[in-house]
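Take a look at the structure below.
Just so we're clear, the structure is a prediction, and the values are computed from it rather than from any experiment. Chain letters run A, B, ... following the sequence lines, proteins first and then strands; every chain starts at 1.
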Protein chains: 4
Amino acid sequence: MKAVAEPSTARGRATRQRILQAAEECFARHGYAEASVAEIVRRSSVAQGSFYNYFESKAAIFAELIRSLQRQMTDATREGALRAAGRSRVEAEVEGTKAFLEWLAEHRDLHRLLHLIDEADPRLAVEFFGGFAKGYAEGLAEAMQEGEVQRIDPELLAFALMGMNHFVSMRWMLWDRDGELPPELMDDFARIIAGALRGAAVR
Amino acid sequence: MKAVAEPSTARGRATRQRILQAAEECFARHGYAEASVAEIVRRSSVAQGSFYNYFESKAAIFAELIRSLQRQMTDATREGALRAAGRSRVEAEVEGTKAFLEWLAEHRDLHRLLHLIDEADPRLAVEFFGGFAKGYAEGLAEAMQEGEVQRIDPELLAFALMGMNHFVSMRWMLWDRDGELPPELMDDFARIIAGALRGAAVR
Amino acid sequence: MKAVAEPSTARGRATRQRILQAAEECFARHGYAEASVAEIVRRSSVAQGSFYNYFESKAAIFAELIRSLQRQMTDATREGALRAAGRSRVEAEVEGTKAFLEWLAEHRDLHRLLHLIDEADPRLAVEFFGGFAKGYAEGLAEAMQEGEVQRIDPELLAFALMGMNHFVSMRWMLWDRDGELPPELMDDFARIIAGALRGAAVR
Amino acid sequence: MKAVAEPSTARGRATRQRILQAAEECFARHGYAEASVAEIVRRSSVAQGSFYNYFESKAAIFAELIRSLQRQMTDATREGALRAAGRSRVEAEVEGTKAFLEWLAEHRDLHRLLHLIDEADPRLAVEFFGGFAKGYAEGLAEAMQEGEVQRIDPELLAFALMGMNHFVSMRWMLWDRDGELPPELMDDFARIIAGALRGAAVR
DNA sequence: AATGAATGAGCATTCATTCAT
DNA sequence: GATGAATGAATGCTCATTCAT
């Protein structure tokens with residue numbers, strides 16, 4: 001009943017992109033529930049019906065946006081980690097985080113989207129954060145083998161690190177206007193991350 | 001923009017409580033947007049109009065729920081920290097976290113509410129997490145003075161720790177059915193927290 | 001989620017009636033698909049939302065209309081048959097049909113509704129015609145016992161008679177303006193019915 | 001209001017047929033309102049726009065289907081009646097009905113279409129049933145002249161017989177899965193028809 | 001002959017909130 | 001204090017049809 005085929009002409013692809021772009025902006029501005037398909041189509045100068053030629057539903061376009069976000073985030077983080085090639089795993093991890101935060105700073109709309117996932121659909125949150133954590137945990141497990149990171153449950157560590165990132169970026173990059181993590185804080189943050197990776201006895 | 005007077009009779013207070021209770025359940029079950037005043041009203045066996053005798057709006061009752069949540073969370077954490085009286089600040093911090101997670105496990109509805117704040121109203125998130133972090137950071141600042149915790153920006157550390165808690169509890173206490181953090185993970189988590197508190201050089 | 005409670009005040013009952021009345025007119029005028037809830041509420045001078053305080057959906061109000069129609073049709077037919085009390089079953093059957101057609105003539109809107117059932121929902125058609133036929137067939141079965149009606153499958157006979165009524169009333173009461181079956185035709189129709197009831201050998 | 005030219009090439013004719021075939025299936029499956037041009041087009045592997053190269057509108061293709069249905073039904077009935085050549089008019093009538101029902105059983109999709117006419121457009125119903133009745137009534141009028149059928153209004157008799165067919169086939173051929181009228185019922189039905197044709201006094 | 005992108009009016013339904021009693 | 005009827009703006013979505021190639 002739905003169909004929604006891939007656009008086969010250049011014009012179609014362009015329209016699809018326009019809608020996608022407009023949706024990103026609308027969601028970022030208003031949140032998921034408050035954003036309306038009506039506004040998305042207005043911003044993309046497309047008829048209401050055209051939206052549904054390309055996307056099954058409001059939820060579907062949001063999910064697509066999120067999946068693309070996931071890809072980009074993963075790539076940015078990975079590339080960042082490569083900057084520390086040859087150095088320690090901890091350094092690589094910290095570089096990855098830095099790169100990730102830099103990427104976020106340059107993609108404020110996408111950053112906001114990140115905080116709407118749960119609102120849009122809790123299952124999407126599971127897919128997104130769960131999926132991201134999986135890749136993250138694998139890397140950490142390797143590092144544990146090599147003895148550079150404390151030997152604990154890798155998934156736990158992954159979620160802990162993700163939570164830190166999430167809250168720190170929320171506080172300094174979303175709540176604050178300029179959208180960047182102050183450089184001096186970045187150093188402090190690096191020490192926190194390093195501490196969490198190495199671990200410490202509780203006494 | 002109606003009066004919404006404090007209830008003056010016992011009956012009034014009881015009604016108010018019933019509504020509050022029903023609202024907590026509804027929000028927990030359906031999320032903020034999906035929860036409807038109509039269902040809250042049905043669950044509390046009260047007429048549609050009565051709701052607005054006690055609360056200004058759906059947003060208002062949610063905010064009230066959240067403020068009470070904040071109080072309870074703070075108390076639970078503080079009490080937990082007291083269990084480590086006489087021991088180190090790090091130990092106190094870990095005990096506080098444990099107590100907090102135990103409290104969460106016993107109040108699943110409230111735990112869910114915690115994840116709806118952003119959905120309901122981003123400004124409420126600022127108030128809630130920002131407020132919580134403030135108290136948290138003060139305690140950490142003291143600990144830094146005493147040299148038990150690495151000397152970095154206390155608010156940053158507060159947010160990092162809050163984020164860890166948030167994500168770890170989300171993963172193991174919300175996504176998983178039983179709603180408890182497996183005990184063996186708790187020990188690992190304690191090492192992560194301790195590491196973050198003490199900090200480590202990046203190399 | 002739906003609720004739709006019985007109205008408890010006189011005002012509520014009145015409103016419900018107004019909507020029901022307006023719906024009958026709208027469906028009669030435009031058919032099921034073409035009739036819009038918007039017009040129904042306009043005609044009943046009620047807000048769009050109020051409709052859904054009383055009826056679950058467009059389909060639901062139509063079904064309710066039909067069920068009431070079924071009751072009224074059955075009653076009218078039965079009362080007609082009683083006019084022939086003391087006379088033969090065949091005469092009673094014919095009188096019932098006459099009464100039924102008279103009733104139809106006086107309730108043109110309901111007559112039109114009768115022809116929308118299938119359009120609205122095929123399952124409703126099964127419920128309606130099937131239900132009606134059941135009662136009909138029971139009466140015929142009795143008459144067969146008494147030897148006044150040919151001994152064949154009663155349900156078959158019921159459907160055949162219903163079909164005759166349906167098409168004859170469609171042709172002369174719906175398609176023609178005045179909405180009445182010309183009296184001279186009624187006599188002919190009576191002979192057809194009598195013939196069908198008594199049956200005849202095929203040669 | 002487009003041109004809709006007759007297809008001039010073999011390819012064009014083939015496309016037109018494919019669409020017609022797909023439409024029949026769609027209407028049969030979903031009814032008139034629920035069937036969508038989009039699905040018809042999908043089923044016939046044709047572009048959305050091509051549909052309108054061959055048919056003016058959804059209503060137009062349905063009407064065309066119905067007109068062809070009328071032709072086929074008339075032919076089937078007529079051929080059936082010829083099987084009783086030499087026998088009585090009543091026998092011919094019964095044979096015609098049998099043949100008609102057999103034809104219906106073999107064309108279930110078309111049978112369903114028959115019940116959608118009113119849904120699609122009441123005026124089409126007048127054209128279809130009215131037209132069919134006309135031819136039917138002519139035959140009956142002849143039979144009345146010959147004294148084999150009771151002398152009453154031929155059109156009335158035609159509609160009565162059509163109604164019987166309609167409801168009987170609906171009950172046993174549409175509502176029931178297998179789509180055939182049980183043979184034992186056919187004999188009963190023949191007696192009903194014969195009775196209606198011969199007529200009986202009402203007493 | 002065929003394509004598929006684009007259109008936009010139209011629809012049923014939801015829901016927080018207000019009002020009159 | 002409590003009721004429940006009434007409101008109406010807003011929303012996501014459908015679908016027959018047209019247009020430009």
Side-chain angles (χ1 to χ4, degrees), chain A residues 1-2 5 7-16 33-41 46-59, chain B residues 1-2 5 7-9 11-12 14-16 33-41 46-59, chain C residues 1-2 5 7-16 33-41 45-59, chain D residues 1-2 5 7-9 11-12 14-16 33-41 46-54 56-59:
Chain A
M1 307 235 171
K2 288 297 161 56
S8 61
T9 72
R11 189 183 179 206
R13 278 186 294 274
T15 303
R16 193 173 196 282
E34 292 288 299
S36 74
V37 173
E39 191 189 342
I40 294 174
V41 300
V46 161
Q48 191 90 359
S50 299
F51 178 92
Y52 293 91
N53 288 346
Y54 296 106
F55 304 97
E56 261 193 358
S57 64
K58 180 181 167 182
Chain B
M1 301 259 172
K2 291 317 255 335
S8 62
T9 72
R11 186 186 177 200
T15 304
R16 194 172 195 281
E34 291 287 296
S36 74
V37 173
E39 193 191 340
I40 294 175
V41 145
V46 156
Q48 194 90 356
S50 301
F51 179 93
Y52 292 89
N53 290 342
Y54 294 106
F55 303 97
E56 256 188 4
S57 65
K58 181 182 168 181
Chain C
M1 309 235 168
K2 289 294 160 57
S8 61
T9 72
R11 190 184 179 201
R13 277 185 295 272
T15 303
R16 194 174 195 281
E34 291 288 298
S36 75
V37 174
E39 191 190 342
I40 294 175
V41 300
S45 307
V46 160
Q48 192 90 356
S50 299
F51 179 92
Y52 293 90
N53 287 346
Y54 296 105
F55 303 97
E56 259 191 1
S57 65
K58 180 182 167 181
Chain D
M1 301 263 171
K2 290 321 246 340
S8 61
T9 73
R11 185 184 178 206
T15 303
R16 192 172 196 283
E34 293 287 297
S36 74
V37 174
E39 193 190 342
I40 294 174
V41 144
V46 156
Q48 194 89 358
S50 301
F51 179 92
Y52 292 89
N53 290 344
Y54 295 105
E56 256 189 3
S57 65
K58 180 182 169 183

Original post:
How would you label the contact of D/Ala35 with the nucleic acid (heavy atoms, under 4.0 Å): base, sugar-phosphate, or nothing?
Top reply: sugar-phosphate
Original post:
With a non-hydrogen cut-off below 4.0 angstrom, is A/Ala59 in contact with a base, only sugar-phosphate, or nothing?
Top reply: nothing
Please give, in whole Å, the distance from [N] [atom2] to [X] [atom1]?
{"X": "A/Glu34", "N": "F/dA10", "atom1": "CD", "atom2": "C1'", "answer": "11 Å"}
{"X": "C/Ile40", "N": "E/dC11", "atom1": "CD1", "atom2": "C1'", "answer": "12 Å"}
{"X": "D/Glu39", "N": "F/dA16", "atom1": "CD", "atom2": "C1'", "answer": "15 Å"}

Original post:
At their closest point, which heavy atom of B/Val46 faces which heavy atom of B/Phe51, and how far apart are they?
Top reply: CG1-N, 4.3 Å
Subject >> Closest heavy-atom pair and its distance - A/Gln48, A/Val37 >> reply: NE2-CG1, 4.2 Å
Subject >> A/Ala59: partners by side-chain contact (heavy atoms from CB on, under 4.5 Å), with sequence neighbours left out >> reply: A/Tyr32, A/Ser57
**OP:** Tell me, please, which residues at least two apart from A/Arg13 pass side-chain contact (heavy atoms from CB on, under 4.5 Å).
**Re:** A/Pro7, A/Ala10
Subject >> Listed partners of A/Glu39 passing salt bridge (charged side-chain N to carboxylate O under 4.0 Å, His left out), at least two apart >> reply: A/Arg43
Subject >> Protein-to-nucleotide contact annotation, 5' to 3' order, nucleotides 3-8 of chain F [B base; S sugar-phosphate only; - none; under 4.0 Å, heavy atom] >> reply: BBBBBB
Subject >> Presence of A/Tyr52 side-chain N/O under 4.0 Å of F/dT14 phosphate oxygens OP1/OP2 >> reply: no
**OP:** Could I get the full list of ring-ring contact (aromatic ring centres under 6.0 Å, His included) partners for B/Tyr54, not counting sequence neighbours?
**Re:** none
Subject >> Bracket string, DNA chain F, 5' to 3' - pairs by Watson-Crick or G-U geometry under 3.5 Å, | interstrand >> reply: .||||||||||||||||||||
Original post:
Toward the 5' end of DNA chain E, which comes first, C/Ser36 or B/Ser57, by nearest nucleotide?
Top reply: C/Ser36
